[in-house]
Every structure is written in C-alpha cells, then in structure tokens.
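The structure under discussion appears below in the form of structure tokens.
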Amino acid sequence: MKKNQTADDDDEDLNDTNYDEFNGYAGSLFSSGPYEKDDEEADAIYAALDKRMDERRKERREQREKEEIEKYRMERPKIQQQFSDLKRKLAEVTEEEWLSIPEVGDARNKRQRNPRYEKLTPVPDSFFAKHLQSGENHTSVDPRQTQFGGLNTPYPGGLNTPYPGGMTPGLMTPGTGELDMRKIGQARNTLMDMRLSQVSDSVSGQTVVDPKGYLTDLNSMIPTHGGDINDIKKARLLLKSVRETNPHHPPAWIASARLEEVTGKLQVARNLIMKGTEMCPKSEDVWLEAARLQPGDTAKAVVAQAVRHLPQSVRIYIRAAELETDIRAKKRVLRKALEHVPNSVRLWKAAVELEEPEDARIMLSRAVECCPTSVELWLALARLETYENARKVLNKARENIPTDRHIWITAAKLEEANGNTQMVEKIIDRAITSLRANGVEINREQWIQDAEECDKAGSVATCQAIMRAVIGIGIEEEDRKHTWMEDADSCVAHNALECARAIYAYALQVFPSKKSVWLRAAYFEKNHGTRESLEALLQRAVAHCPKAEVLWLMGAKSKWLAGDVPAARSILALAFQANPNSEEIWLAAVKLESENNEYERARRLLAKARSSAPTARVFMKSVKLEWVLGNIAAAQELCEEALKHYEDFPKLWMMKGQIEEQKELVEKAREAYNQGLKKCPHSIPLWLLLSRLEEKVGQLTRARAILEKSRLKNPKNPDLWLESVRLEYRAGLKNIANTLMAKALQECPNSGILWSEAIFLEARPQRKTKSVDALKKCEHDPHVLLAVAKLFWSERKITKAREWFHRTVKIDSDLGDAWAFFYKFELQHGTEEQQEEVRKRCENAEPRHGELWCDVSKDIENWQKKIGEILVLVAAKLKNTF
C-alpha cells in the first residue's frame, strides 16, 4: 500500500516549470481519485461556460488578431512585398541588359564543384580475344590434383584452359578454343541490314522504312495514353479480377476494352468486347461499345447480332442507321425499327427527318397515333399541314395533352400567321384558364421566355398577348412597377423589343399617372422605336402627366429634330399653359428660336421670362444671347443687373470676367474674378480662370499663390491640384510638377484625372507600371481608361487601343474628350466606316463634359455648332504628343 502511494507521488510533476501563479500545478489534484458521473457533468458545464465566454469575445479577439497581423505586416513586410516594385520593373529590362548581367559565382570548394565520379570504361572485345588465345598458366598445384594422384583433373577437355571445349557449343570456333566477339558484332550488324533491306520496297523505288530514321520512328510507337505503365498494369489486373469474379457485369468488359484502346492495343480491345457480348448478350451498352470499336462492315454485323438479342433497343437501331451511308438503307433500318418499337419518339423523329415533306406528313400522322403524348410530333405535323388541317391537328393534340402550353402558343401563332389576330388574345386567355383547370402551375418566367421566342420568330401579336396575360401573375401589388421595369430591361437585353413594348404598354395602363414609367417608355422608343412611335407615346404621356416638363421637352425636341419647328412651338405653347412659370420650358423655347435664327423672338421670350419667372439661369441665358450676337454693351448691362439679384451665382461672375478678357481689359477681368471669389469661394472654375489670367500675363508667382489659396479653401479637390501640376509643367519645372503630383495623389488617391495625368508625366518605360497602379485605384474611371487607350495608341498597339476606347465611351458616354480622342484615333488608323460609326455614336450620346470638349463647345464662336462639328474641331486640335 505504502509502495503504491509513493508511486502516485512520483507521478505528480512538482517542478517549477510546471507551476502557474493562477492555475497552480498543471496536473489535476484529484487525478488519482475515481471519475464519476457528477464529475463528468461538472466538466461538461464548465466546458459549455468556457465555450460561451469564448464566443462572446471571439469577434473582438479575431478583430484584434487581424489588426495585429496587419500591423506586423506593415512593420515587417514579406521579402516578396519589399521587392514587388523592383519585380515589376523587371518587365522593362531589355534583352541587352539581361545578357550583360554577370554570372553568379560558385562559392563551393573545389572538391564540391568537381566531384570525382567513378569512371567505368567498357572493356574492348580484343582484350577478351587476346586472353583466350594465350590461355592461362597455373603457377600452383591444385590440392584436388594431389588428392586424385596428380594426373587426373576435374576439368575434362584440356589441362591448361579452365574453359572446357565440349561444354559450350556455339561460342567457340571449331578446332580452336577461341571466342570471337568481333564476329558476333559483325553478324548482328549484317542481320540488321538484311531485315531493313527486306522491308524496303524495291519495286516502286520508294523505301517504306527509312533505315536512318528507323530508331526515331520507334519513338512514335510509344503509347499516347499519358499514364504510368505501372498504373495500367494495376488497372488491367483489377479489371481482369472483376471479369473473372463477375463475368456477367457489362461495365467490367467495357472498361477493359477502353483501357486496351487507350494503350493502343485495338485488336485486344475488340477481342475483349466481343467476349463481353457473349457473356452479356442482353446489355445494350456492351453491344454499342462493340459496334464503336469494330471497323465498318464488322460493326454492321455486330449491330445485326445485337438486334437479334435486343429487338426493343432504340439506341441499337439508331446506331445501325448511323452506320449506313446510303439514305435508302437508313430509311429501311429505321422503318424496320419502327415495326419493332412503334412507340419510340426518337425513332419517329429520326425517320421523319430523312423523308420528303409529303412522306413526312404521312409518317407523322401515323407517329402521333403511336405516340399521342409527344408534343414535338404533334407540332411537327401541324407545321406540315394546311391551315384548316393544322387547326384540327392542334385541337386533337390539346385533347391528348391538355397540360402543355406549347400547343396553345403554336395555335396562337397559326392564327396570327393567317391574319386572325383578334383570335390570338382569346387563345392565350383560354390557354391560361385551361392549363390552370388541369392543375398546371403557370410559370411566369417560362411564359416570358416563350414570348421572347415568338418575338424573334416574328409573331408580334402572340408575344404581346402572352405578355399581357402573364405579366401580372405571381407578383405582389407593391412590387409590380419595379418588377415590370426589370422585365422590360431584360427583354431589351435579349433583343426582344416587342415584348418590352408590350410590358411598357401594360404598365402604362396600370400606372397612367406615373411620370417615371412614361419616361422609361419614351427613352425605349427613342432608342429602339421610330420617331412616329415616340411622338405618339409622348402625346399620350403629356395628356396623363401635364406637369412633367421633361415629357413636353422631349416631344418638342423630337419635332424640332425632324425639322417641324411650328409643331415644336405649338407643343411648347401647350407646355406653357400646363406649367405657366417653368424655367425649363422658357429656356427650351428660347433655344428653339435662337437655333432657328429667330433672335428677336428669343430676345422677347427672355424679356418675358425675366419679368414673369426671373431666375439666375434665365439671366445667364439672356447675357449669353447678347454676347454671342456681338452686343457686348447690352450683355454687360444685363450681367450687372443680374449680379444685383444673384451675386452668389458664379457663372455670372465668370461671364463678366470673360467679357472683360475678350475686350483685353485685364485689370477689370481680374477685379471681376476676385469679386466673384469673395461671393463664391467654392467655385472651382472661377479659381482656375483667375489663375490662368495671371499666367497669361506672365505673373507665374501670383498664379501659383492663387492656386495654393484655392487648395486651402477647397481641400482634396483634384481639379485644383491638376491645374497646379500643369502650371509647373508649362513653366518647364518638371521636378516640381512631379513633387506636386505625388502630393496630389496622396490627398486624392482615387482621382481618375490625376492618375491619368500622372501616367504621362512619367518617362516612357515607367508609364505601363503607372497605368497598372492607376487601374488598381480607379478601375472604372473613364479618364484612367482613356489614358490607357492613349498609352496603347502611343505604343502602336492598334487593336488594344481601339478596345480600350470602346470601353471608355461605354462607361461614360458624356465625356466629350474620350469621343474626340477616339475619333482622332480612327482618323489615323481606322476605315471610313469606323470613323463614321464613332461620329454617329457621339452624336447620339450628345456629350456635354470634358476639359478639351468644353473649351471648344463653350467658345463664343462655336455657339451654333452641332455635336458632329464640335467633334471634328476638338479632334483637329488634338496632338499626339503623349
């Protein structure tokens, strides 16, 4: 007992390293005691508590660990991260620089560098021959000789040679005990020559086997299965075992045959599969595999044998038909098959496809009797019949298959094709009712898909009837508008325009006073419809939503673009009645008159607008009209009057300054800009105009100071940073420009215009790296995409450049600069069709923004220029200096 106690004490580790201030010793105090059910329950409760406490702190702990790891990675980055920029620059290293890199020296010692391998030299044949001729003299007496009396040797056939002459026939030349190795080598060469000359074709003069390339050709005989030889052996053994244990298991025979086929042993594969057909004569797969592996005529014999064993197998009959090359033979096989399996849809379809239309119709009429539940056969028959007969066929089909929607849809298409469009709606409504009565769930998505297919097939009335019938099924009332708009967009994306038109028409019936639905429908007609359909829709729209100015303006613009100015005026007059003091309608009327050179009318309208609906924009347009017409004094007078009422409207201050600049009154222009900035310190264009004015008169320091002041008042503004960088660049201070650009990118890291400028500030080899960084920061910014397109253009990568230009104008079609560069690019590298396409797309997009674009479009001289003309002017100003 005492001994056991001491043993327990010894088990306990009371070392200091095993002691913890909080937990005590690591071992349990009661480990020697019995572990009962109470202990187990207590442990479970403690474990649950620990788990619960751990879950409470888990998120915080994980977050803290994540932050610590990130901090650690920032302080001690991986070697891979430290050298990432250098690795990127490796792409710019030229081939000459690569070749000039010195070789790395070998730091190992001489013994390690030049290990002395054991040299094995083959012994020449002459060595053996020489020693055989001379023989060997024994210098000592074998003890066995003394044992047998000294004369008898245990080697019969010679005293001196240990090679007895009578023992090894065929290696020794007769008469002498000589083994001639040279003659063996010569004999081998002679034999090889004879074999090669036997297989050479001496009749035609062409050698079948090229003696020189013989060994090379042997490489091509290596099996191409790409697997390990050992794996193939294992697979072969395994499959053999399966075949032996279960010889009536078809997959084992098929797998064995395919293994041999893959390893190039086609004949073995054929033998195996034929044995498989004997063992499994009722397996369809084994017969089909046998037919596949056998050559033409043998395959036919195999299939004939298969048919005898499996007269009901459709797949075997189809394979038999495929093996026949003659159409008549194919027909004969399929007709024979239909005698045995008359209810196979697949066989009927295969047989009908080979027939002429008239014979096909007769066959199909028999087919639908044998397979009355096949929708495809009924529809195929209906397509081949006349109108009256087709109606009867479809009625019969509906009786036999009352749960299929395709029969109803085909009936509707049939009526539409024969001019009975009023019947289409009734048929689709009856279809929905009938299908529901037969317990069919109306799947809205499937019906919409069917409608899209009808649209593509040209059955417009059917597609619209389907849309009207199913568009409202299974949708909550509050989700209707949102879901229908999504459906319409989806139809447009699938190029099913009539479906989209039907959805909009139905939505407008349900929501006649929703301006957003009318607008969506109007934009749809503008992009995909005709001018007449757009105008008809807009007329209905303004009748339902007379307060929606944008609908009136779209109608007027459509008339104006068609050249019908009086109609546009009458629409705007009606719009005035509905919206008496609308600024938008006043300005649209003014634009209409000024664009059509009716300047006096435009002036009168603006005077009326200033008295009845005075706004800053109305005053601005009044000033601009006088300015572009050359009445500078009147423009200045109006500008002063406007500034009394709207001194916080920056465009008026800009116009005042620009008019003074035009008159070359620098002091007055500066004063106007400064006054404007006091009232509107956050107007970026005003700061830029003042800075450029100072730069123009040579006051570079003052321009720099203005921009610094503007950046203080408007922090994190990329336009101001960009102007500062360009100011230094124009002054020739490239280093300062680069420093400023670095600061700008720190302050505005996601600014596309800064990154696009930064790419071209770099030297040519560094531009690609900079563009990668830019794309990481601003992946979808049009300025960055445009810069990348220009970069590819500068490297003469025409296809890539065109692709990036397309991407840019797709992301932001309002950026005029992108269109101008794209047009310039096509002028240099594209065809006339491509140039025309870019010009038309630009005119449709009607861009309004872009630094270079606005410089030209807002120039007083170009105020009446159309979009296409402005595009040509901007493209002409561009230079390929990047």
Side-chain angles (χ1 to χ4, degrees), residues 405-436 441-545 551 554 558:
R405 66 183 190 282
H406 292 105
I407 297 167
W408 292 97
I409 293 170
T410 307
K413 283 158 88 173
L414 179 70
E415 296 297 341
E416 183 184 349
N418 285 278
N420 297 341
T421 45
Q422 71 276 10
M423 282 292 292
V424 171
E425 193 89 33
K426 290 178 188 172
I427 289 171
I428 297 297
D429 289 341
R430 275 170 57 203
I432 302 284
T433 315
S434 170
L435 289 168
R436 276 185 174 147
E441 186 189 348
I442 304 298
N443 185 325
R444 187 170 171 278
E445 301 301 323
Q446 284 180 350
W447 280 88
I448 289 175
Q449 213 171 336
D450 292 333
E452 286 178 5
E453 283 168 16
C454 291
D455 186 357
K456 286 168 189 169
S459 304
V460 176
T462 308
C463 109
Q464 291 180 341
I466 292 171
M467 278 299 182
R468 282 194 290 274
V470 301
I471 198 74
I473 293 173
I475 296 174
E476 296 291 330
E477 199 166 321
E478 58 270 17
D479 293 338
R480 288 184 302 175
K481 182 186 157 207
H482 172 70
T483 309
W484 291 344
M485 294 303 104
E486 278 187 354
D487 288 337
D489 291 341
S490 166
C491 290
V492 172
H494 296 152
N495 204 27
L497 302 180
E498 291 301 331
C499 290
R501 194 169 276 123
I503 293 171
Y504 282 125
Y506 189 83
L508 290 170
Q509 281 178 7
V510 179
F511 305 113
S513 58
K514 285 277 186 191
K515 173 184 151 188
S516 59
V517 180
W518 283 109
L519 262 178
R520 294 280 286 266
Y523 282 124
F524 168 77
E525 290 297 345
K526 183 183 174 187
N527 294 327
H528 303 286
T530 59
R531 189 173 64 81
E532 291 76 15
S533 67
L534 171 64
E535 286 173 6
L537 181 87
L538 287 168
Q539 277 182 348
R540 284 166 50 216
V542 293
H544 285 98
C545 305
L551 295 170
M554 279 179 83
S558 177

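Numbering of residues begins at 1 and proceeds along the displayed sequence.
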Set of residues satisfying side chain to side chain donor-acceptor pair (under 3.5 Å) with respect to Ser516, sequence neighbours excluded: Lys481
For Glu498 and Arg501, run salt bridge (Lys or Arg N to Asp or Glu O under 4.0 Å): C-alpha distance rounded to whole Å, both residues' side-chain angles, the deciding distance at 0.1 Å, then the answer. CA-CA 5 Å; Glu498 291 301 331; Arg501 194 169 276 123; 3.0 Å; yes
From Gln449 atom CD to Cys454 atom SG, the distance as rounded to the nearest 0.5 Å: 11.5 Å
Between His494 and Cys499, is any pair of side-chain heavy atoms under 4.5 Å apart? no
Go through the steps to decide whether Asn495 and Leu497 satisfy the test side chain to side chain contact (heavy atoms under 4.5 Å, CB included), and finish with yes or no. CA-CA 6 Å; Asn495 204 27; Leu497 302 180; 4.2 Å; yes
Hits for side chain to side chain donor-acceptor pair (under 3.5 Å) against Glu486, two or more places apart or cross-chain, chain-then-number order -> His482
Asp487 CG to Glu445 CD distance, which is reported to the nearest 0.5 Å: 6.5 Å
Determine, stepwise, if the pair Val510 / Trp484 fulfils side chain to side chain contact (heavy atoms under 4.5 Å, CB included). CA-CA 11 Å; Val510 179; Trp484 291 344; 3.9 Å; yes
Name the atoms and distances for all side-chain donor-acceptor pairs under 3.5 Å in residues 502-509, with sequence neighbours left out.
none

